[in-house]
Amino acid sequence: MRLDIAGIGVTLDGKPILDGVSLTVPRGSVVGLVGPNGSGKSTLLRTVYRSLRPLTGVVKLDDADLWSLPVRESARRVAAVLQEGGSSALSVAEVVELGRTPHHGMVSRTTSADREAVRVAMERAGVTALAERPMVSLSGGERQRVHLARALAQEPSLLVLDEPTNHLDIRARFALLSTVRGLGVTTLAVLHELDLAVRSCDHLVVLDHGKVVAAGEVLDALTPTIFREVFGVHAKAERHSDGVVRITYAADPLGDL
Amino acid sequence: MLLVVVMVVATTIGSVGIPLGDAWSVIMGHITGNTAGLDPVADQILWQYRVPRVLLAALCGAGLSVAGVVLQALVANPLADPYVLGISSGASVGAVLVLTAGVGTLGVSSAAFLGAAVSVAVVFALGQQRGRLVPTRLVLVGVAVGYVLSALTSYIQLRANPNELKSVMFWLLGSVAGARWDQLWLVSAVVLSTVAALMFYGRRLNALVTGEESATSLGVDVRRARIGLLLTSSLLTGTLIAVAGGVGFVGLMIPHLVRLIVGADHRRVLPLAALGGALYLVLVDLLARTLDSPNEFPLGIFTAAFGAPFFLWLLRRGRTLVEA
């Protein structure tokens, strides 16, 4: 499905956080949301997974206005991998099964469809071998994979990720993002690290002070001007001969700004 | 099953021993409505005193344990128990006022329930923030309100005479000795329906303990779930404290015990905490009334004196502490 965010405005404690943000995530693509700290990236995501109702604007998944659906209904379409929720005493399989919550009413029991969805989700996220382990015994990278599996068990049409690679070591970061890329699910991800963002996203949206300042293909969005004016560093992104986009920072990235 | 057996056996033991067979025929006689030919003394002791008492102990144990599970999960604090929101302090003020001064025409139970209701209302009113119930805030408000009310209770106790003090002490530590059929019907209706309602929250509690945002993304209406859980468990706790006083420890430890044994999935923890709590309190009450028969001890002394060492033993035996 395709995500259309249009004219989103959010005010927290009288302070404008987002101001008329619009963006589109085409079906099946991975779009990275980047920007400096406090630019409103995570706040924008919260309006998508329904944790924060925007003051203005709409969030549409194909033709459905997410905020006009019952919360259980929207949770069947949008799944989130967040930074919280680490220290639960549940086992891996139990955490992944939480992803089935929106598919159940108050009394319904676990069905074979649930078990199948959980099995498939664990396989796609690569955590099948961890099924019986308690969450507390996992490494940060494994735990994030479990949260990804939980999100996949929701069988969502849209995946939103809020800095999923935070606190992970470098190998786990590459591994997690390559798994996400391989899913083929429409994905909107807040990514802190630009190096990872340029490698793993089809498109980038750059936020600054609550506004979209650049959007499009990776090289079109991350121009030297954007690096300088938004991120405050001298750098450029370019496609190398092996086809991979990499960022090169100036010898003195902070010089003369 | 084990619970039923223990409950029946518990009715046979007391200052007057009644053979198991007689006890069974009395209980079955009343259930089937055929009470002819029963020994009137055994019938009187059993049906009028022991059966309601054992039933009340079971209801208390089940209710407090389930309320403990819910509150520990809601406020994400392993030290939480059913009284964490100041409910027992409110009930104490009401009960102690009646016990010492005989205020108005209210009975102890009604006064305690009223006190509990008022304190919960105050805690909810002060604990919300722009219409949202914030768990950490609720706990702090609950503790603060609890201290204020405990101070009030202490002050009233200071001015009471020694005779009244003993009954105050008994009430504060909890007892099911006052169980009678006429109030038991109402109590069991409330307890059974609230406990049953809470059983349906297993999935949502599992989602809630992963965090507010995460629960929302799983399709849980966090605000509604919190309000439902808090109101239901408060009604449950308030009812129990009104008839049995402040039975401590059960609502704190049974949830942890159950989690140590079966893990943290609330769909298992809730029903097993109800059974385990019921079993535990029936046994504790048995001890409380037989150890120094015909004298009685308040339950609170035994719930802690026997429960805590057992809990510590289980904790040492392996497995790390399972948090809510």
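Proteins get letters first, then strands, A, B, ... in listed order; numbering begins at 1 in each. Computed from a predicted structure; not experimentally measured. Any value given below was found using the heavy atoms of this structure, including those in side chains, with hydrogens, waters and symmetry copies removed.
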Item to check | Toward chain B, the part of A:Ser74 with a non-hydrogen atom under 4.5 Å | outcome: neither

Item to check | Value rounded to 0.5 Å, distance of CD in B:Glu212 from CG in A:Leu82 | outcome: 11.5 Å

Checklist entry - So which of B:Val222, B:Leu218, B:Asp221 actually passes side chain to side chain contact (heavy atoms under 4.5 Å, CB included) with A:Val71? => result B:Asp221

Item to check | More than 12 heavy atoms of other groups within 6.0 Å of A:Arg133 CZ | outcome: yes

Checklist outcome for this item: Taken to the nearest 0.5 Å, the spacing of B:Arg268 CZ from A:Glu94 CD works out to 5.0 Å

Next on the checklist: Are there over 12 heavy-atom neighbours, none belonging to B:Arg224, within less than 6.0 Å of that residue's CZ?
Outcome noted: no

Item to check | B:Thr210 side, atom OG1; A:Arg150 side, atom CZ - distance, nearest 0.5 Å | outcome: 5.0 Å

Item to check | Under 4.5 Å from a heavy atom of chain B, the part of A:Arg77 involved | outcome: neither

Checklist entry - What part of A:His104 lies closer than 4.5 angstrom to a heavy atom of chain B: side chain, backbone, both or neither? => result side chain

Checklist entry - Considering all heavy atoms of both residues, which atom of A:Arg50 and which atom of B:Thr216 are nearest to each other, and what is their separation? => result O-CG2, 3.3 Å

Checklist entry - Using non-hydrogen atoms only, which part of A:Arg76 is less than 4.5 Å away from chain B: side chain, backbone, both, or neither? => result neither

Next on the checklist: I'd like to know whether NE2 of A:His203 has more than 12 heavy-atom contacts from other residues, nucleotides or ligands below 6.0 angstrom.
Outcome noted: yes

Checklist entry - By a 4.5 Å heavy-atom criterion (distance strictly below it), what part of A:Thr110 contacts chain B: side chain, backbone, both, or neither? => result both

Next on the checklist: Under a 3.5 Å distance rule, please check whether A:Gln154 uses its side chain to pair with a backbone N or O of B:Ser217 as donor and acceptor.
Outcome noted: yes

